[in-house]
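Residue numbers begin at 1 in each chain, while the letters A, B, ... track the order of the sequences. None of these values were measured; they are calculated from a predicted model.
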Amino acid sequence: MDALIRRACVLATIAKRRKTCKTSLGKTALMKLVYIAQEVYGLDLGYRFNLYTYGPYDSDVMGDIDYAEAIDFLDVHYNAESGYRIIPGTDFTPESCGSLPKEDEQKIEALFDDFGTFNARELELRATIIYVLKDAPSLEDKDTIKRVQKLKPKYDSDEIEEALSGLKSTSRIP
Amino acid sequence: MGDTHSIRIPVHGFVEFDDWERDIINHPVFQRLRRIRQLAFSDHLYPGSTHSRFEHSLGVMHIATRLFDTIENKCAHILEDRLNYNQRESNARRLVRLAALLHDVGHAPFSHTGESLMPHKDGPESKKFVHEDYTAQLIQHEMKDVIDDHSENKNSYNLTGKDVADFVLGKSTLDGGRLFWRELVVGQLDADRMDYLLRDAYHCGVTYGHYDLDRIIDTITVVEDRRDDFPEGLRIGIEDGGRHAAEGLILARYFMFRQVYFHPVRKAYDNHAYKALQLFLNAGKGNGLLPNPSSKQSRKKYLKLDDWKVMDFINSEKAGRHSDAILRHRHDRCVVKTREVANAIEIAQHEKNLKRLLESDIEATSIDADKEWYKVNKSEIRIANNDSTLSAPSQSKPLSEVSNVVQKIEGSKQLLILVPIDQVKNANDILQKGE
């Protein structure tokens with residue numbers, strides 16, 4: 001399977017799966033879910049995330065969303081009040097793209113078991129914590145919390161602590 | 001502060017710097033950029049494009065500073081209020097200037113073409129190093145004498161090479177303020193892109209890369225970025241009055257991609273450069289890869305590599321048919337290409353064509369726009385809804401939602417097949433038979 005078609009399929013599969021969670025999916029949430037899928041669940045899509053004011057980000061994910069929209073694997077709607085809403089496109093069918101490798105599907109399923117219902121704000125916090133944990137694995141929890149708060153002052157330390165302990169309770173987080 | 005110096009470069013005219021920055025510019029690690037061409041062998045297509053990473057880096061520092069000063073002057077109260085920014089005490093302006101100046105010092109010979117030959121970080125399954133990893137190591141170690149230990153720095157700024165490297169890489173040691181300023185060097189509205197589009201267009205002699213830089217700088221501002229279901233925070237954006245200048249920037253990217261960066265002749269020479277560099281790195285005891293940036297010894301070897309060194313190898317005809325292509329302008333030719341945005345069916349057809357050619361002993365190479373460093377996408381530039389007041393930033397919208405032109409940009413997925421010039425006829429016959 002071509003690498004870009006695979007990535008477009010992954011994006012569309014996440015959009016499809018998110019629909020069943022009855023939680024909206026915008027560009028921020030999709031970016032963070034892709035980040036967590038790659039960095040925590042080992043779904044290697046070749047993205048290179050680094051840190052921006054809006055958390056871990058790779059502009060190639062945005063390019064892939066544009067491409068997936070162009071070939072109708074995704075429908076991307078924008079509303080000034082609510083922002084982006086992304087749903088699977090009409091051409092996202094097994095006939096049009098071939099099947100995503102089973103292993104990829106399993107990783108997306110595992111991602112949704114742990115992160116599927118978090119909203120964009122919650123995902124941004126968790127993605128940033130994961131970024132810090134990977135960047136500085138030897139930090140103690142209290143220092144991780146301080147570092148996240150320095151990066152993202154909009155989250156208070158209780159919220160960060162709760163998210164960190166939730167992440168650590170899943171066996172996949174270091 | 002010391003004396004002010006200047007160098008005149010195309011596009012911006014005089015670029016000013018002080019004693020400390022002059023010592024950094026004169027450092028051998030930075031001077032090496034004079035010998036790394038910005039666009040590798042693109043001069044085979046546009047003979048004027050022989051410019052180097054050296055002048056580009058000066059240009060990026062110049063634009064980043066103009067952007068920084070505009071935002072600082074226009075939005076000082078908002079920055080104080082939201083980022084605890086203190087103009088007098090902050091060393092953010094200096095950090096932005098140094099990161100902009102040094103962001104490319106880690107480039108390999110032939111710029112992005114050489115990047116594909118960087119080694120894996122940690123075994124064959126791990127990610128590969130990228131030029132930013134080399135940049136970060138060189139700034140922290142080989143340039144320590146002109147950054148950490150420089151008297152001007154010690155007296156006034158107390159910055160370390162690690163501060164600059166972390167800023168370039170986006171490390172978690174940054175705080176919210178530095179992350180905000182980082183967007184001027186590595187972001188959707190960054191000085192890097194603003195400079196290379198104008199500079200590459202100038203040297204290529206094309207007008208595709210032109211856009212209204214002065215208007216972008218005049219209208220740059222801070223905005224509130226509301227996305228999905230929550231107000232995300234402070235971002236760098238453009239006032240509504242600069243919307244068309246921002247459109248111009250995105251369109252310049254699109255046109256430059258089509259006419260310069262992904263032109264089949266340029267891609268053919270990128271491939272010849274890549275193969276020649278690989279052969280160069282294979283010679284002697286080499287493993288075909290660039291030295292790893294993690295150790296001092298291999299960084300020393302890396303710094304000895306530049307376009308001149310590899311060109312010597314090519315000139316001695318040691319790169320086989322790739323020497324021939326470069327020395328006699330006998331580059332591979334494109335025999336088949338997909339539409340600009342290929343769908344799954346076209347991609348499958350491309351793979352079939354490639355297989356057929358390879359099975360017939362044609363030395364075919366597949367070139368994929370998706371693997372390009374220069375890419376086309378809608379970009380996420382924020383446009384202010386109204387003018388920010390002194391104390392409150394305006395809410396904003398993405399440019400792609402207020403611009404029909406940008407909305408239509410669909411990303412890039414074009415595939416080309418290149419073959420050696422003396423195999424073109426055979427290749428065309430094989431492809432025709434397969435239709």
d(A:R48 CZ, B:K128 NZ) to nearest 0.5 Å is 10.0 Å

Exercise. Ring centres of A:Y47 and A:Y35 under 6.0 Å apart?
Worked result: no

Between A:F112 and A:F115, is the ring centroid distance below 6.0 Å?
no

What one should report as the nearest heavy-atom pair of A:A12 and A:L74 is CA-CD2, 3.7 Å

Item checked: Verdict with reasoning, A:Y67 to B:E410, per side-chain contact (heavy atoms from CB on, under 4.5 Å) -> CA-CA 6 Å; A:Y67 176 71; B:E410 296 182 320; over 6 Å; no

Highest number of heavy-atom pairs under 4.5 Å with chain A among B:I409, B:V186, B:V376, B:D368 belongs to B:V186

Highest number of heavy-atom pairs under 4.5 Å with chain A among B:K127, B:K397, B:K413, B:R178 belongs to B:K413

Most heavy-atom pairs under 4.5 angstrom with chain B, which of [options]?
options: A:A8, A:G63, A:G46; result: A:G63
options: A:I71, A:D60, A:D64; result: A:D60
options: A:V132, A:I65, A:D135, A:V148; result: A:D135

Contact part of [X] toward chain A, heavy-atom cut-off under 4.5 Å: side chain, backbone, both or neither?
X: B:E351; result: side chain
X: B:A348; result: neither
X: B:S400; result: side chain

Next on the checklist: I'd like to know if the side chain of B:R182 and the backbone of B:V168 have a donor-acceptor N/O pair within less than 3.5 Å.
Outcome noted: yes

